[in-house]
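Residue numbers start from 1 in every chain, and the chains themselves are labelled A, B, ... in the order their sequence lines are given, proteins ahead of strands.
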There are 2 protein chains.
Amino acid sequence: MRAADAEYIRRVPLFRNMKDTSFETLVAAGYLQRFPDHVILLHEGEQPDFLHVIVEGAVEQFATHGDRETTLSIIGPPAALILAAVVLDRPYLTSARTLKPSLIVLIPAEAVRAVFDQDPAFARATIHEFANRYRAIVKDLKNMRLRPSIERLASWIFRANLDAGGTGRFLIPFEKRSLASQLGMRPENLSRNFAELARHGVKVNGREIRIEDADALERLARPDPLIDDPSV
Amino acid sequence: MRAADAEYIRRVPLFRNMKDTSFETLVAAGYLQRFPDHVILLHEGEQPDFLHVIVEGAVEQFATHGDRETTLSIIGPPAALILAAVVLDRPYLTSARTLKPSLIVLIPAEAVRAVFDQDPAFARATIHEFANRYRAIVKDLKNMRLRPSIERLASWIFRANLDAGGTGRFLIPFEKRSLASQLGMRPENLSRNFAELARHGVKVNGREIRIEDADALERLARPDPLIDDPSV
DNA sequence: CGTGCCATTGACCATTATCAAACGACGTGG
DNA sequence: CCACGTCGTTTGATAATGGTCAATGGCACG
């Protein structure tokens, strides 16, 4: 790995406070790799070989059973993929694919397990990473079970607008089918929900969303910090 | 806390390998408490004060939004409740109630955070606890999204039978309404699914379940280790 | 200009929830 | 010992929600 890459990775929260020597160990064994859009990174059921840390881009975790498939989460930087499988050396429970061109650090699973036994700061960072990912999935599950699909969409728009600066105008960052999958519905259903949202002050044109009646949207979305707020 | 209690708790995986001195610190600050059935242990939105470690019994984690409620998981010993909230010092995302009379260790959140900064073995155990809980919730989510309710029930029966020794005859360990909630359906739906399962070789009488055609049940359940097997 | 691919629309179906009523086991008090 | 409540469960009727299948539209890219 090039020195400039290492510098860059060093700022990821998971690595930020660890000892120089253990960071060197990980970096020496690791790769920084660029992946194009829509590439499968790993398959459920396989034994973990590398810890994947997302530096740039977006990755979808999904799972299949028979001929069904479902998205479990879409995660962006900075976050570790399949940390649990690496820690326990058990098979991946999910597959993963890129949703955008992505920059990903690959670190041999064995090196990760060895280092957090020796570096308390890394152990602490690992715990924090886990805690955050755990809470994220709990929020996803609550969202899924406590709201019908149109409310999930309304909440997503409400939050995406805030993240984009609250101007009432922003672009959907991936294909609509990915958005549908992330929100736990079919593309057809997403379309119908968009149509329905027109009557709540939301206009859609291609990937552009305009919010014309923020109050109406908020009444429908009923934002809940214990579901929607990533910083809670 | 009494010395006998401390001995008992010492065997919980989370505490098993930690240093004696840090175990003493936790135990000195903690309580071992017995709770009756159907008691609320904590409310979502509250700030964490104690880490709860389940030693005996069963606890349901649930969440609400407006007038809806959903069960996120039912966990039994040995497991830590709301570890993520304690680690990050953020509000609980879920509420919790006992489903059986339960024995629970309460350890002040501050003490937990202090100890895993000082005790590598405890930090490692915390990471493992997280990894296991994370994988459990991923499996729950997959189960929920990839199978209709009757298959979830069939899978649950299949697994519960194995856990009970594979005799084809066992008792449901809690009220049916709790089982329904755990499986993500309404009690009415559970009833109808039980009725339907009669045509797949499963007979129900009160809390007793008898499997009369194991093959038929298995065909319906389509067991999947990446969803159903707790040791994967 | 085709040719794909994503998105949309329409018709229909499957699954699950909701509301209401009846049933049945169980424990209490007459 | 039996009548009576209580509470969990079951059953029936109906509605909401979301999925499936099929056809069409529209846009980008060769």
Side-chain angles (χ1 to χ4, degrees), chain A residues 36-38 60 62 64-71 97 99-100 143-157 171-200 202-209 220 222, chain B residues 37-38 60 62 64-71 97 99-100 143-156 171-200 202-209 220 222:
Chain A
D37 208 356
H38 291 286
E60 176 187 14
F62 65 100
T64 57
H65 177 66
D67 55 358
R68 293 164 189 261
E69 174 180 322
T70 187
T71 299
R97 68 166 75 95
L99 287 186
K100 300 180 180 180
N143 194 30
M144 199 49 214
R145 301 265 292 250
L146 294 170
R147 283 176 173 149
S149 65
I150 191 166
E151 291 180 24
R152 296 200 294 278
L153 176 58
S155 300
W156 182 86
I157 292 173
L171 294 179
I172 302 170
F174 2 75
E175 290 181 346
K176 281 184 183 167
R177 53 167 33 179
S178 295
L179 177 60
S181 190
Q182 177 175 15
L183 294 174
M185 65 186 97
R186 299 282 136 169
E188 297 96 320
N189 202 358
L190 179 67
S191 266
R192 293 185 171 110
N193 282 327
F194 271 133
E196 175 67 24
L197 282 183
R199 299 208 265 106
H200 297 263
V202 176
K203 294 288 152 33
V204 182
N205 200 312
R207 286 212 186 166
E208 188 195 56
I209 292 188
L220 181 59
R222 283 192 293 162
Chain B
D37 208 357
H38 291 285
E60 175 187 15
F62 65 100
T64 57
H65 177 67
D67 55 359
R68 293 164 190 261
E69 174 179 322
T70 187
T71 300
R97 68 166 76 95
L99 287 186
K100 299 181 181 182
N143 194 29
M144 196 52 212
R145 302 263 292 251
L146 294 171
R147 297 210 266 228
S149 64
I150 192 166
E151 291 180 23
R152 296 200 294 277
L153 176 58
S155 301
W156 182 86
L171 293 179
I172 302 170
F174 6 72
E175 290 181 347
K176 283 185 183 167
R177 52 167 33 177
S178 295
L179 177 60
S181 190
Q182 177 176 14
L183 295 174
M185 65 187 97
R186 295 292 143 143
E188 296 95 321
N189 203 356
L190 179 67
S191 263
R192 293 185 227 276
N193 282 329
F194 271 133
E196 176 65 24
L197 283 183
R199 299 209 265 106
H200 297 262
V202 176
K203 295 289 150 42
V204 182
N205 201 312
R207 286 211 186 165
E208 188 194 55
I209 293 187
L220 181 61
R222 281 192 294 160

Check whether any side-chain N or O of B:Arg145 sits under 3.5 Å from a backbone N or O of A:Thr70 as a donor-acceptor pair, and report yes or no.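 Checked: no pair found.
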Test your reading of the model: is there a side-chain donor-acceptor pair from B:Arg147 to the backbone of B:Ser155, 3.5 Å cut-off?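 No; zero donor-acceptor contacts below 3.5 Å.
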Report the distance from atom [atom1] of [X] to atom [atom2] of [Y], rounding to the nearest 0.5 Å.
X	Y	atom1	atom2	value
A:Phe194	A:Asn205	CZ	CG	11.5 Å
A:Leu99	A:His38	CG	NE2	6.5 Å
B:Arg68	A:Leu146	CZ	CG	7.5 Å

Can you measure [X] atom [atom1] to [N] atom [atom2] for me and round it to whole angstrom units?
X	N	atom1	atom2	result
A:Asn189	D:dC21	CG	P	15 Å
B:Arg145	D:dT17	CZ	P	18 Å
A:Asn193	D:dG18	CG	C1'	9 Å
B:Leu146	D:dG19	CG	C1'	14 Å
B:Arg186	D:dG12	CZ	P	21 Å
A:Leu190	D:dT17	CG	C1'	15 Å
B:Glu188	D:dA15	CD	C1'	14 Å
B:Asn205	D:dT9	CG	C1'	13 Å

Heavy-atom nearest nucleotide on DNA chain C for B:Met185 versus A:Pro187: which residue maps closer to 5'?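 It is A:Pro187 whose nearest nucleotide is closer to the 5' end.
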Throw together a table of side-chain donor-acceptor distances under 3.5 angstrom for residues 176-193 of chain B, partners on residues two or more places apart or in other chains.
from, atom 1, to, atom 2, distance (Å)
B:Lys176, NZ, B:Gly206, O, 3.2
B:Ser181, OG, B:Glu60, OE2, 3.4
B:Ser181, OG, B:Thr71, OG1, 2.0
B:Asn193, ND2, B:Ser149, OG, 3.1
B:Asn193, ND2, B:Asn189, O, 3.3

So where does chain A start and stop touching DNA chain C, 5' to 3', when the test is distance under 4.0 Å to a non-hydrogen atom?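 The contact span of chain A on DNA chain C goes from C:dC6 to C:dA11.
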State whether A:Ser149 places a side-chain N or O below 4.0 Å from either non-bridging phosphate oxygen (OP1 or OP2) of D:dG18.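 Checking D:dG18 against A:Ser149, a side-chain N or O does come within under 4.0 Å of OP1 or OP2.
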Taking any heavy-atom pair under 4.0 Å as a contact, classify B:Pro148: base, sugar-phosphate, or nothing.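 The residue B:Pro148 makes sugar-phosphate contact but no base contact.
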Nearest heavy-atom pair of B:Glu151 and B:Arg222: which atoms, and what distance?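 Minimum heavy-atom separation between B:Glu151 and B:Arg222: OE1-NH2, 3.6 Å.
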Closest heavy-atom pair and its distance - B:Lys100, B:Phe174: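 That would be CE-CD2, 4.2 Å.
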Do B:Leu220 and B:Leu197 have side-chain heavy atoms sitting under 4.5 Å apart?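 Of all side-chain heavy-atom pairs linking B:Leu197 with B:Leu220, at least one is under 4.5 Å.
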I want to confirm an ordering. Mapping B:Arg207 and A:Ile150 to their closest nucleotides on DNA chain D, which one lands closer to the 5' end?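 The 5'-side residue here is B:Arg207.
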Report the residue (A:Arg152 or B:Ser191) whose heavy-atom-nearest nucleotide on DNA chain D is the more 5′ of the two.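 In this pair, the answer is B:Ser191.
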Reading 5' to 3' and counting Watson-Crick or G-U wobble pairs with both distances under 3.5 Å, write the dot-bracket notation for DNA chain C, | for bases paired outside the strand. ||||||||||||||||||||||||||||||
Could one point to a donor on the side chain of B:Arg192 or the base of D:dG12 with an acceptor on the other under 3.5 Å away?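 Side chain to base: pair found, below 3.5 Å.
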